[in-house]
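Only one structure is covered here, and it is reproduced in the block below.
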Amino acid sequence: MIGAFPQQRIALSTGVELDVVVAGDPANPPMILLHGFPESHRTWRHQIPELARTHFVLAPDQRGYARSSKPAAVEDYAPARIVGDVLALADHFGLDRFTLAGHDWGGAAAWMTAINHPDRVARLIIINAPHPLLFQKTMFDDPAQRAASQYIRAFRNPGLEAHIAEIGVEAYFDKTFVGHADRAKFAAEKPVYLDQWSQPGALTAMFNWYRASPIIVPALDENPPRPAFLDKPFAPMRMPVLMIWGMADTALKPSQLEGIDALVPDLALVKVDAGHFVTWEAPEAVNAAIGTWL
């Protein structure tokens, strides 16, 4: 396992306390890194040292994860609350504009922050996280993506935590998460995951990100009404965007890249031969892509 990063416990104006890795010179351009499910700041363990050479880097354990605050209600994990944390973290450090990077759910939070607050996000880096419009559209238009996303329905099942308690956190880890990446790469990190997942309330909080999301994930045999906004104009992104995509991702299909050009006029797309967890499955490629783009 790569050495641990020192963290600061920061109380935000949104009412939560986050553990945050703070690295680099505060005089350098600021960058915020958002991890996804079911990880922590360690998603970025290969990127933080490199980025901190030229940037002031903040990498929080987001609400619900690791030892950061875990509000009890599902609605505490609604997108607006997550975006609020991002802006509050930036405000805490006096950052008016910043580069924002996100992977997986962190990428969803990054998209939403940039869409709703383009005045705050100078540049956007997205790693294996679909644009929200395209993700919802593929739930209706791409049978392969709908099938691949059925796990979201499982995560929303209120009985999931009881099932995990019955079989044990380690068994759940071995049966599910490990199957989405190279098993050998998990060996050193497994104790970290098990420690973080075993914190009181952590699993429920992590799943509540899915439960609070407005995204519609129909069952395979379901034919729900199509949301009208899917076929209406959607405002394009106003800042430069770098997308890094692990093309062997089993959860997010290539359809997530179809039509992205129209939504992101200033787009750099880098495809990588790796799975969903590309930040640590192919760190050299990710670091090279970010370094070149920056």
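Below, all heavy atoms of this structure are taken into account, side chains as well, without hydrogens, waters or symmetry copies. In this text, all values refer to a predicted model and were calculated from it rather than measured experimentally.
Glu161 has a carboxylate O that lies under 4.0 Å from a charged side-chain N of Arg211, or vice versa, which qualifies the two as a salt bridge. Under the 4.0 Å criterion applied to side-chain N and carboxylate O atoms, Arg120 and Asp91 are assigned as salt-bridge partners. Between Lys70 and Asp76 no salt bridge is recorded (no basic side-chain N to carboxylate O distance below 4.0 Å). Between Glu189 and Arg45, at least one side-chain nitrogen of the basic residue sits less than 4.0 Å from a carboxylate oxygen of the acidic one, meeting the salt-bridge criterion.
Cluster annotation: Leu133 is connected to Leu257 through the hydrophobic network of ILVMFWY side chains, with a link wherever side-chain heavy atoms come within less than 4.5 Å. Taking hydrophobic clusters as Ile, Leu, Val, Met, Phe, Trp and Tyr residues chained together by side-chain heavy-atom distances below 4.5 Å, Val74 does not share a cluster with Tyr65.
Summarising the geometry, atom CG belonging to Leu252 is positioned 11.5 Å from atom CG belonging to Leu134; distances are rounded to the nearest 0.5 Å. Atom CD1 in Ile48 sits 13.5 Å away from atom CZ in Arg53 (nearest 0.5 Å). Between atom CD1 of residue Ile215 and atom CD1 of residue Ile152 there is a gap of 7.5 Å, rounded to the nearest 0.5 Å. Taking CG from Leu34 and CD1 from Ile82, the interatomic distance works out to 9.5 Å, rounded to the nearest 0.5 Å. Here the OG1-CG distance, from Thr99 to Leu294, works out to 6.0 Å after rounding to the nearest 0.5 Å.
When all heavy atoms are compared, the tightest approach of Pro60 to His35 is O-CD2, 3.2 Å. Of all heavy-atom pairs spanning Ala110 and Ala101, the tightest one is CB-C, 4.5 Å. The heavy-atom pair separating Asn128 from Gly275 by the smallest distance is ND2-O, 4.3 Å. Between Phe234 and His131, the shortest heavy-atom contact is CE2-CE1, 3.5 Å. The two residues Ala262 and Pro236 have their closest heavy-atom pair at O-CB, 4.0 Å. Here the closest heavy-atom approach between residue Gly24 and residue Phe56 is recorded as O-CD1, 3.7 Å.
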Passes side-chain hydrogen bond (donor to acceptor under 3.5 Å, both in side chains), Asp104 versus His276? Steps please. CA-CA 8 Å; Asp104 185 80; His276 180 71; 2.7 Å; yes
side-chain hydrogen bond (donor to acceptor under 3.5 Å, both in side chains) for Asn287 and Gln47? Distances and angles first, verdict last. CA-CA 6 Å; Asn287 290 355; Gln47 286 75 47; 3.1 Å; yes
From CA spacing to verdict: side-chain contact (heavy atoms from CB on, under 4.5 Å), Gln62, Ser69: CA-CA 8 Å; Gln62 298 201 75; Ser69 293; over 6 Å; no
For a side-chain hydrogen bond (donor to acceptor under 3.5 Å, both in side chains) check, start with the C-alpha distance between Ser40 and Gln196, then their side-chain angles and the critical distance, and finish with the verdict. CA-CA 8 Å; Ser40 68; Gln196 293 176 347; 3.2 Å; yes
Evaluate Gln136 against Thr138 for side-chain contact (heavy atoms from CB on, under 4.5 Å), listing each step before the verdict. CA-CA 5 Å; Gln136 184 62 92; Thr138 57; over 6 Å; no
Are Arg146 and Asp221 close enough, and set up right, to give a salt bridge (charged side-chain N to carboxylate O under 4.0 Å, His left out), and what steps lead you there? CA-CA 10 Å; Arg146 184 191 290 200; Asp221 58 352; over 6 Å; no
Trace of the side-chain contact (heavy atoms from CB on, under 4.5 Å) decision for Val121 with Met237: CA-CA 11 Å; Val121 180; Met237 306 301 293; over 6 Å; no
For Glu75 and Asn208: C-alpha separation, side-chain torsions, deciding distance, then whether side-chain contact (heavy atoms from CB on, under 4.5 Å) applies. CA-CA 8 Å; Glu75 56 266 27; Asn208 279 347; over 6 Å; no
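Partners of Glu258 by salt bridge (Lys or Arg N to Asp or Glu O under 4.0 Å), not counting sequence neighbours: none found. Remark: Glu170 engages Asp174, Lys190, Leu194 in a side-chain contact (heavy atoms from CB on, under 4.5 Å) (not counting sequence neighbours). Contacts of Ser68 classified as side-chain contact (heavy atoms from CB on, under 4.5 Å), with partners at least two apart in sequence or in another chain: Leu18, Asp19, Asp61. Listed by chain and number, the residues in a ring pair (Phe, Tyr, Trp, His ring centres under 6.0 Å) with Phe229 amount to none (sequence neighbours excluded). Legend: residues meeting side-chain hydrogen bond (donor to acceptor under 3.5 Å, both in side chains) with Glu39, ordered by chain and number and at least two apart, are Thr43, Tyr193, Trp280.
A donor-acceptor contact shorter than 3.5 Å is absent between the side chain of Glu166 and the backbone of His163. With hydrogens and angles ignored, the 3.5 Å screen pairs a side-chain donor or acceptor of Gln145 with a backbone N or O of Lys253. Listed for the Asn116 side chain is a donor-acceptor partner under 3.5 Å among the backbone atoms of Met112. Put simply, the side chain of Arg97 gets close to the backbone of Asp119: a donor and an acceptor are under 3.5 Å apart. For the pair Gln199 (side chain) and Asp195 (backbone), a donor-acceptor distance under 3.5 Å is present. Distance alone, capped at 3.5 Å, places no donor-acceptor pair between the Ser213 side chain and the Trp209 backbone. Side-chain atoms of Glu281 come within 3.5 Å of backbone atoms of Phe277 as a donor-acceptor pair (strictly under, hydrogens ignored). Panel note: side chain Tyr77, backbone Pro71; a donor-acceptor pair is recorded below 3.5 Å. Listed for the Gln7 side chain is no donor-acceptor partner under 3.5 Å among the backbone atoms of Val22. When atom types are taken as modelled, the side chain of Trp197 and the backbone of Pro38 share a donor-acceptor pair closer than 3.5 angstrom.
Side-chain contact check for Gln256 versus Trp245: some heavy-atom pair is nearer than 4.5 Å. By the 4.5 Å heavy-atom criterion applied to side chains, Arg123 and Leu100 are not counted as neighbours. Annotation: side chain of Val272 is not in contact with side chain of Met247 (no heavy-atom distance under 4.5 Å). The side-chain heavy atoms of Ile127 and Thr279, taken from C-beta on, include a pair separated by under 4.5 Å. The shortest side-chain heavy-atom distance between Leu242 and Leu124 does not fall under the 4.5 Å cut-off. By the 4.5 Å heavy-atom criterion applied to side chains, Leu58 and Met31 are not counted as neighbours. In this structure the side chain of Lys137 reaches within 4.5 angstrom of the side chain of Arg226, judged on heavy atoms. Side-chain atoms of Asp85 and Leu89, non-hydrogen and from C-beta on, never get closer than 4.5 Å to each other.
Classification of the Trp44-His103 ring pair by plane angle, with boundaries at 30° and 60°, yields perpendicular. Between Phe207 and Phe155, the ring planes are tilted. Angles from 30° to 60° get that label.
Counted within 6.0 Å of CG on Asp25, heavy atoms from surrounding residues, nucleotides or ligands total more than 12; the atom is thus considered enclosed. Heavy atoms of other residues, nucleotides or ligands lying less than 6.0 angstrom from CG of Asp231 number more than 12.
For residues 251-272, no pair satisfies ring-ring contact (aromatic ring centres under 6.0 Å, His included), with sequence neighbours left out.
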